[in-house]
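The model shown is predicted, which means the values in this text are computed figures rather than measured ones.
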Amino acid sequence: MIEFFGGNGHMARRREQLLSATRQLAIRDQRPGLGTLPKVSGSWPVEGRSDLEELAGSPTQWQPIAGRYGVEVWRVTGPQGEWMLKVGRNEGGAEVAREAAVWGRIAGMVPATAHGKHVRHGRSAETAWLTTPWLRGQSLWAMFHPVRERTGQHAEALAASIQACMAIAAVHQAQWVHGDLQPHHIILMPGRAQLIDWAWGWSPSSDLPAPSTRGDSLVHLSGHELIARTRSGQGPVLISQADEVWTLAASLWWAAAGQWPRDYRALGIDPTAFTPTELSKVILRNDPPLGHIDHWPELEGALRTVLESSVETRPDVLDLAQCLRGLNP
């Protein structure tokens, strides 16, 4: 069993720090509106080096991809393949250590985690690292680029959305939640979708302690009920499958429109001027309306069936997939 640095309370505070910043880790895509990604220093990590050289073969090429708040991501390429290396130091070690623990339980359990069967990981007193095969597919965000550019080409994005739904449905059927769904964490491979960044995954059937989600959600992609539970102050809040369906629909909206689902302009505010805690209070107090996807109103209608529903009446992810299948691309 991997021990976590600092416990759940520490991870919750750290997650608040990560999400209050406008810089977010995106391995494959620059995220509009979230700022410029800080790069790693460029000095090769010693953590996991021998494993990566064995896996990738010699000579290896080490490409720094991104880094923030003690977590770095590298792309390691050699004659035997390409690998992702994630290294967490000091406070960042808790996030990487927990993701390694999740992979130890869910790797290969469902198709969306097939690439995790090859995960390797390690830790020391102040660092943790893990490596998985580098996925050459495109993120869901990238698949929606033609939609955001209003080219009228929707077929590939629609197919990718359905694949994402089916991948997450299998996760839910296995009694897990990913905990950090967003378009950049869904990678489309030939015929299937893979989910990356599992640090916040959890299952009640697992022996892995549940992460504290106080301050743990990207507010723009969190439903009203989850925000209310998170800000209630009544102990750790777990993300439910119904919460995650809302997040998936919100992610599809964001990928299609290039804008958050909630129309903050209707409230006359700039969401970037608020911290996550402040913005959560604004949402709970004012309940901003949804915006519009003018260039794809049929998709907007399908996503509204999820985003405007209560937890009790919310469609599940298979219902959403079926609704998307009925759309005309």
Side-chain angles (χ1 to χ4, degrees), residues 1-19 24-25 27 38-57 60 62-78 81-109 113-135 176-180 185 194-203 205-213 215-216 236:
M1 173 72 69
I2 293 178
E3 296 177 357
F4 308 124
F5 308 110
N8 282 343
H10 171 79
M11 289 190 69
R13 291 192 298 273
R14 175 168 168 71
R15 186 64 164 162
E16 180 77 23
Q17 292 174 349
L18 296 180
L19 293 175
Q24 297 261 334
L25 177 63
I27 295 176
K39 292 296 183 181
V40 302
S41 63
S43 58
W44 293 358
V46 297
E47 298 86 356
R49 177 182 293 272
S50 60
D51 286 80
L52 266 299
E53 290 177 343
E54 174 191 341
L55 291 167
T60 54
W62 296 71
Q63 178 186 359
I65 300 300
R68 67 353 177 195
Y69 302 103
V71 178
E72 297 180 354
V73 173
W74 293 74
R75 183 175 185 173
V76 183
T77 305
E82 292 181 294
W83 295 79
M84 182 280 297
L85 172 66
K86 184 180 292 186
V87 180
R89 298 187 177 91
N90 300 316
E91 291 185 354
E95 180 180 339
V96 177
R98 191 177 197 285
E99 182 171 0
V102 173
W103 276 121
R105 291 155 175 80
I106 199 172
M109 180 184 294
T113 62
H115 68 289
K117 291 186 292 185
H118 306 288
V119 69
R120 293 191 186 184
H121 59 84
R123 63 161 294 183
S124 66
E126 295 184 342
T127 66
W129 63 270
L130 68 86
T131 183
T132 63
W134 183 269
L135 299 179
W176 277 80
V177 292
H178 179 275
D180 192 19
H185 293 171
Q194 296 286 283
L195 301 180
I196 63 172
D197 286 10
W198 276 91
W200 309 97
W202 183 70
S203 170
S205 63
S206 169
D207 62 346
L208 185 66
S212 173
T213 59
D216 185 33

- Pairing residues for Trp83 by the side chain to side chain donor-acceptor pair (under 3.5 Å) criterion, not counting sequence neighbours: none
- For His185, does its backbone N or O pair with a side-chain atom of His178 as donor and acceptor, under 3.5 Å? no
- Could you check if a side-chain atom of Glu54 sits within less than 4.5 angstrom of a side-chain atom of Arg120, using non-hydrogen atoms only? yes
- Item | Closest contact, heavy atoms only, Val96 versus Leu130 | O-CD2, 3.7 Å
- Short question: side chain of Thr113, backbone of Gly108 - any donor-acceptor pair under 3.5 Å? yes
- So, are Lys86 and Glu72 salt-bridged, with charged N and O less than 4.0 Å apart? no
- Query: Would a distance-only check, ignoring hydrogens and angles, find a side-chain to backbone donor-acceptor pair under 3.5 Å from Thr131 to Met84?
  - Reply: yes
- Item | Pairwise distance CD(Glu82) to OG1(Thr77) - rounded to 0.5 angstrom | 4.0 Å
- If every non-hydrogen atom of Ala128 is compared with every non-hydrogen atom of Ala97, which pair is closest and at what distance? CB-N, 3.8 Å
- Residues Glu47 and Arg89 bridged, charged N to O under 4.0 Å: yes
- Below 4.5 Å, heavy atoms only, C-beta onward: do Ile196 and Leu135 meet side chain to side chain? yes
- Message: Would you compute the distance between atom CH2 of Trp129 and atom NE2 of His121 and round it to the nearest 0.5 angstrom?
- Response: 8.0 Å
- Smallest separation among heavy atoms of Gly201 and Leu208, with atom names: O-CD2, 4.2 Å
- Task: Please round to the nearest 0.5 Å and tell me the distance separating atom CG of Leu195 and atom CG of Asp180.
- Result: 11.0 Å
- Answer whether the closest heavy-atom distance between the side chains of Ser206 and Trp176 falls below 4.5 Å. yes
- So, the side chain of Arg98 versus the backbone of Trp198: is there a donor-acceptor pair under 3.5 Å, distance only? no
- Would you indicate whether the side-chain heavy atoms of Trp62 and Leu85 approach each other to under 4.5 Å? yes
- Query: Taking only residues two or more places apart in sequence or in another chain, which ones pass side chain to side chain donor-acceptor pair (under 3.5 Å) with Ser205?
  - Reply: Ser203
- Query: For Ala107, which residues count as a side chain to side chain contact (heavy atoms under 4.5 Å, CB included) partner, sequence neighbours excluded?
  - Reply: Trp103
- How about His118 and Thr132: do any of their side-chain heavy atoms sit closer than 4.5 Å? no
- Item | Trp74 to Pro64 - nearest heavy-atom pair and separation | CE3-N, 3.6 Å
- Message: Please check this pair: side chain of Gln194 against backbone of His115, looking for a donor-acceptor N/O pair closer than 3.5 Å.
- Response: yes
- Is any side-chain heavy atom of Val76 less than 4.5 Å from a side-chain heavy atom of Gln63? no
